[in-house]
Amino acid sequence: MMNSARNFSSTPKIKTRSSSSTHKGSPWLNVLLPYCEQPEIFSNKVVYYYDDGIVIIWDKYPKAKIHLLVMPRQKIDSIEDLRKQDLNLIEILKRKGQQIIDHFKENDPNLVFRMGFHAIPSLRQLHMHVISQDFISSTLSTKKHWNSFTTSFFKDVEEIEMLLKEKGQIKFDKDYYENLLKSPLNCHLCDAKEFKNIPTLKKHLEEHLNSDR
DNA sequence: GTTCTAGAAC
DNA sequence: GTTCTAGAAC
Ligand SMILES: Nc1ncnc2c1ncn2[C@@H]1O[C@H](COP(=O)(O)O)[C@@H](O)[C@H]1O
Ligand SMILES: [Zn+2]
């Protein structure tokens, strides 16, 4: 009965599209892809730089005064997809990231930067954060935001590079790192710990900005 | 990842 | 009463 001619012709359960992860999951997972596929269609206030190998964009929801994302043009989902053969790509991301940092420090020598990756990224397409360490930004609004940049959830590019050299592959424990995001709100610059909430922490960060110079 | 908002915390 | 967080979003 299931194989009647009528049933057969109605709805073929045949996958017609690539099973690439691009086609799986919620649409928001893929929002970084268009920048890499067609950087030329974006304004220079959105795409900071691009060439044949990489794209650099201003993070749309910056978590600090200066926050950009450096990405390969080539489609690579995440750090988990990196292999030793990608070490030269990492080197390129790193070199370009350092150039950005040098540039912004010329304007403001007080800026301090880190560049690296989230241990468990949310969005697809490999992206390296280049982020100033003031964390002064109206779009930094949650504990998760804070802990993703100030705990070991944030992996400096040098650590990624080292792990890739030594292990040939990168995978961080999901449970462990997702729990880190629930850590208390501690200052990344001084001994101040366990802020009651985000607004209180943000007032404290303003004080560092005024005194650390 | 963000937006929205119910209800917890103050 | 207002501020703030945290979980659903089909
Ligand atoms: N549409 C977008 N365009 C540019 N950046 C984005 C967009 N949506 C989210 N982001 C940023 O992308 C980063 C992704 O974070 P993560 O996957 O945790 O490394 C965050 O810093 C977001 O602010
Ligand atoms: Zn502090």
Side-chain angles (χ1 to χ4, degrees), chain A residues 11 13 17 20-39 41-43 45-48 54-82 93 97 114-133 135-157 160 170-188 192-207:
Chain A
T11 43
K13 299 283 193 300
R17 311 192 70 173
S20 147
S21 62
T22 306
H23 301 301
K24 288 190 252 153
S26 316
W28 58 262
L29 289 170
N30 297 316
V31 293
L32 296 181
L33 275 175
Y35 302 115
C36 301
E37 286 165 349
Q38 276 192 291
I41 72 172
F42 295 91
S43 97
K45 296 193 171 169
V46 173
V47 170
Y48 173 88
I54 67 166
V55 183
I56 304 175
I57 64 169
W58 289 99
D59 194 292
K60 190 173 180 184
Y61 308 94
K63 308 305 187 295
K65 285 185 170 181
I66 310 282
H67 186 183
L68 303 100
L69 304 177
V70 185
M71 302 181 279
R73 293 290 298 272
Q74 177 192 357
K75 199 166 135 186
I76 301 177
D77 264 9
S78 78
I79 46 176
E80 290 194 6
D81 298 296
L82 294 172
L93 300 182
R114 283 178 82 182
M115 49 178 165
F117 301 81
H118 280 160
I120 313 290
S122 293
L123 299 185
R124 285 177 192 146
Q125 184 64 354
L126 183 72
H127 53 280
M128 182 180 74
H129 295 269
V130 174
I131 183 165
S132 62
Q133 296 296 295
F135 297 116
I136 304 286
S137 168
S138 59
T139 40
L140 195 168
S141 58
T142 70
K143 172 180 269 195
K144 184 172 178 178
H145 290 156
W146 177 253
N147 284 326
S148 76
F149 288 102
T150 60
T151 68
S152 68
F153 190 91
F154 189 86
K155 299 299 185 189
D156 290 307
V157 62
I160 295 299
I170 291 160
K171 188 172 180 77
F172 295 108
D173 186 82
K174 201 165 184 239
D175 283 347
Y176 173 81
Y177 282 99
E178 282 180 351
N179 268 306
L180 264 190
L181 297 175
K182 298 171 184 163
S183 307
L185 298 170
N186 297 337
C187 180
H188 66 314
K193 294 206 186 321
E194 304 199 9
F195 285 88
K196 194 179 357 236
N197 52 42
I198 291 283
T200 316
L201 168 63
K202 293 182 86 166
K203 276 170 208 147
H204 178 81
L205 295 176
E206 292 279 358
E207 290 170 20

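All chains are named by letter (A, B, ...) in the order of the sequence lines, taking the proteins before the strands, and each is independently numbered beginning at 1. In this text the structure is predicted, and so the values were computed from the model without any measurement.
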Give the rounded distance in Å between these two atoms: [atom1] of [X] and [atom2] of [N].
{"X": "A/I198", "N": "C/dT5", "atom1": "CD1", "atom2": "P", "value": "6 Å"}
{"X": "A/D59", "N": "B/dG1", "atom1": "CG", "atom2": "P", "value": "10 Å"}
{"X": "A/H118", "N": "B/dT2", "atom1": "NE2", "atom2": "P", "value": "10 Å"}
{"X": "A/W146", "N": "C/dT5", "atom1": "CH2", "atom2": "C1'", "value": "18 Å"}
{"X": "A/F195", "N": "C/dC4", "atom1": "CZ", "atom2": "P", "value": "15 Å"}
{"X": "A/L185", "N": "C/dC4", "atom1": "CG", "atom2": "P", "value": "13 Å"}
{"X": "A/I120", "N": "B/dG1", "atom1": "CD1", "atom2": "P", "value": "12 Å"}
{"X": "A/E178", "N": "C/dG7", "atom1": "CD", "atom2": "C1'", "value": "15 Å"}

Hey, does [X] reach any base, or is it just sugar-phosphate, or nothing, if we go heavy atoms under 4.0 Å?
{"X": "A/K144", "answer": "sugar-phosphate"}
{"X": "A/L32", "answer": "nothing"}
{"X": "A/P121", "answer": "nothing"}

Within the pair A/K63 and B/dT2, is there a side-chain N or O less than 4.0 Å away from OP1 or OP2? yes
Among [options], the one nearest [X] by side-chain distance:
{"X": "A/H145", "options": "C/dC4, B/dT2, B/dG1", "result": "B/dT2"}
{"X": "A/S122", "options": "B/dC10, B/dG1, C/dT5", "result": "B/dG1"}
{"X": "A/P199", "options": "B/dC10, B/dT2, C/dT5", "result": "C/dT5"}
{"X": "A/Y61", "options": "B/dT3, B/dC10, C/dC4", "result": "B/dT3"}

Is any side-chain heavy atom of A/F153 closer than 4.5 Å to a side-chain heavy atom of A/L181? yes
Between A/Y177 and A/K155, do the side chains contain a donor N or O and an acceptor N or O under 3.5 Å apart? yes
Residue pair A/T22 / A/K75, side-chain donor-acceptor N/O under 3.5 Å: yes
Any donor and acceptor pair, going by atom type alone, linking the side chain of A/S26 with main-chain N or O of A/W28 inside 3.5 Å? no
Output, in order, the C-alpha distance, side-chain angles, deciding distance and verdict of ring pair (Phe, Tyr, Trp, His ring centres under 6.0 Å) for A/H129 and A/F149. CA-CA 9 Å; A/H129 295 269; A/F149 288 102; 5.1 Å; yes
With both distances under 3.5 angstrom, what nucleotide forms a Watson-Crick or G-U wobble pair with B/dG1? none
